[in-house]
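Here is the structure we will look at, set down as structure tokens.
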Amino acid sequence: MKILHTSDWHLGHVLYNYERTAEQKSMLNQIKEIIKNEQPDAMVLCGDVYHTSQPSSTVQTMFTDAIVAMHEACPTMTIVITAGNHDSGTKHEIFQTPWRAFNVHSIGNIDKNNPESHIIEVPGKGFIVAVPYAYERTIPDGFFQQLLDKVEERNTNGLPVVMMAHTTVQGCNFTGHDNASETTVGGIDSMPHEALGIGYDYLALGHIHHAQFIHGTDHRMRYSGTPLAVSFDETFNHSVSIVELNKHGDAPKLTEITIENPRPLVNLPAQGTASWDEAKALLKELPDDLPAYVRLNVEIKNKVLIGAMEEARNIARGKNCRVCHVNVTRPEQVRNKSRMLTVQELKNIPPLELVKRYASDKKHPFDEEMEEMFKEVIAIIQQEERK
Ligand SMILES: [Mn+2]
């Protein structure tokens, strides 16, 4: 079975007030061309189809048009789409029935009463176990293993088994994500490998935007990453993964195919930070015709930058680039002494870390029980936001 593994399209994403339809259409078109050339047996799209749970009608049309075009590029291909934490699981399932005419399976919520609905057979080729994002406590105990056991029973011909999930897996590289730590990324606590069960040949993951195999899983567990950068911190290659699986038990074979962004996200300087004057000089040197989004990464010591954005936009006048943000940081020692944070720094601290710092500053006790309660509140807020 040959699959195209992708995730985190984030359609409808707006970057600093710039809507990105042209780039998203280019990305979708490139994926369609890859499908035409590769003729995979299945495409798995592992969550975060949309950037918000309320995508505009234009964005939804872009998505449905693209899926139909992909289907037409390879009519025999099975398409499996699961919801991520950015999507509305319920809305994701509205058009389940008409989608079937295009060989598309759209799975938005966990249905513990009908586990079979999560198992999709690609006739004569293999099995796909499709698990959408769900808040940890709503996933029945041992659900992944239950599904894999069901497949094992049905899989009498030893066909390859692919499982899809949208979650944070322990040991992943979460570069590019805000609010991230070893234990939680984007509001999803990290799961140990074992919690995802055994019996799949390849675990197709979504949620983390950096394409990667998970270390220590024998190349069986992989994030395809996002095909289009969502943030300036995603300073890595963006791609889709073609995975070939010979038979049940065999190791997967990977080919990574790069997706080009017609308007790339550019950091000035490319790495680290520069002084304000150096950053302005780099912006001046940027070729006039280069289509790009630009973020200036500036380190300042004591003074405050006033009118920086306006100054930067004046420099960029007449250029084809879009200046998005002046990202101001201060050296570690200054930061620690003053205990004052820039807005950017504040945004980068996970809520739990922030509340711990506050408690210690105010000398309030903050024990494990309070931590659990705080996590629960955060989870409820995130659930509310998804609705
Ligand atoms: Mn995502």
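Order of appearance sets the numbers: ligands from 1, and atoms from 1 within every ligand. Note that the numbering runs from 1 along the sequence shown for the chain.
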Listed partners of Lys25 passing salt bridge (Lys or Arg N to Asp or Glu O under 4.0 Å), at least two apart: none
Any residue meeting salt bridge (Lys or Arg N to Asp or Glu O under 4.0 Å) with Glu152, in chain and number order, not counting sequence neighbours: none
Check against side chain to side chain donor-acceptor pair (under 3.5 Å), Asp277 and Ser275: CA-CA 5 Å; Asp277 285 337; Ser275 71; 5.5 Å; no
For His209, the option from His13, His86, His177, His238 that meets ring-ring contact (aromatic ring centres under 6.0 Å, His included): His177
Residues forming a ring pair (Phe, Tyr, Trp, His ring centres under 6.0 Å) with His219, sequence neighbours excluded: Phe213
Metal environment of the Mn ion (ligand 1), protein N/O/S under 2.8 Å: Asp8 OD2, His10 NE2, Asp48 OD2, His209 NE2
Full working for side chain to side chain donor-acceptor pair (under 3.5 Å) between Gln39 and Lys2: CA-CA 8 Å; Gln39 296 289 304; Lys2 184 182 193 177; over 6 Å; no
